[in-house]
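Okay, structure first, notes after.
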Amino acid sequence: MIQVTQLNKWPIGVFTSIDAGLGVNLDVAHELEIPTIQLHAPAKSTRTSKNAEAFLQKIGDLGITLTAVFGGFEGESYADIPTVEKTVGLVPPETRGARLAEMKEIADFALLLKCDVVALHLGFVPHDTSDPQYRLIVDMTRDLCHHCSVNGQALHLETGQETADALVQFIADVNVDNLFVNFDPANMILYGTGQPLEALRKIGRFVRSVHCKDGTWSDKPGEEWGCEVPLGEGDVDIPAYLNVLDEIGYTGPLTIEREIPQEPERQKAEILHARDLLNQCKSQMATV
Ligand code: MG
């Protein structure tokens with residue numbers, strides 16, 4: 001019985017996309033028999049109710065469950081850490097207003113997809129909480145959370161750009177009941193913002209979705225990117241990651257993220273390998 005219980009929690013997932021963002025095609029989830037997906041929001045022009053209905057029909061036919069819709073914006077670039085700081089999320093002041101409005105539209109599109117979780121990279125929140133921008137970003141996030149709340153949705157912040165302590169402080173400052181975390185252990189390493197498992201323990205009570213991604217530290221953490229690598233080959237320590245997820249009481253999907261769309265065959269093979277690795281870890285944990 002223990003085995004069955006363990007295998008029913010943590011359904012495997014994969015990060016997917018349709019016409020924007022770097023996720024894999026839905027067909028890959030189907031071919032690899034992965035039962036849940038997160039979806040990068042499609043391009044603005046295709047976020048129609050007709051397309052939402054067709055998508056729901058398709059995932060229904062395939063027996064796939066949508067667990068989160070991720071927002072992303074034109075003009076974002078992950079080329080290097082300074083570029084992320086300038087271009088990603090709702091933090092850059094030049095695009096903040098337009099992107100906040102678009103993020104609300106994405107939440108409304110997620111509602112058409114009957115999805116109660118919306119997520120995003122918020123961007124680099126200033127580390128100095130007395131920075132006037134910090135207060136503006138807190139207020140904007142509260143505004144977005146209110147919009148999501150009216151839709152019956154939670155907002156999950158992707159980890160990476162902040163330390164665990166800064167993220168906990170930020171969530172406390174926003175002070176709403178529908179703001180949580182999508183924990184990505186590799187991002188802590190890639191951005192150089194802290195040991196992932198230590199961070200996971202600190203943020204644990206807010207973690208409502210996760211990415212399964214691996215990476216290696218750069219020689220200059222926080223200044224230069226670490227390297228994203230196939231699951232199990234980096235510095236995360238996947239069995240230990242699952243142990244900490246268990247420790248914090250997380251039972252949701254284990255969503256594999258592997259964004260190398262320029263090499264689709266390799267991407268699919270590595271997602272398959274990640275799926276098998278996660279299932280193997282789950283089985284081992286269930287039998288101890
Ligand atoms: Mg991620």
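Predicted model only: the values in this text are computed from it and were never measured. Whatever order the structure lists ligands and atoms in, that order sets their numbers, starting from 1.
Judged as a side chain to side chain contact (heavy atoms under 4.5 Å, CB included), and not counting sequence neighbours, the contacts of Asp131 are Pro126, Asp128, Gln133, Tyr134. Residues passing the side chain to side chain contact (heavy atoms under 4.5 Å, CB included) test with His40 are Phe15, Ser17, Ala20, sequence neighbours excluded.
Ring-plane geometry between Tyr78 and His121 is classed as tilted, the angle between the planes lying from 30 to 60 degrees on a 0 to 90 degree scale.
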List the atom pairs, donor and acceptor, that lie under 3.5 Å between side-chain atoms in residues 24-31 and the rest of the protein, sequence neighbours left out.
from: Asn25; atom 1: OD1; to: Asp27; atom 2: N; distance (Å): 2.9
from: Glu31; atom 1: OE1; to: Lys268; atom 2: NZ; distance (Å): 2.6

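No side-chain donor from either of Asp276 and Gln280 sits under 3.5 Å from a side-chain acceptor of the other.
Only protein N, O or S atoms were scored, and 4 of them lie under 2.8 Å from the Mg ion (ligand 1).
A side-chain donor-acceptor contact under 3.5 Å links Asn51 to the backbone of Thr46.
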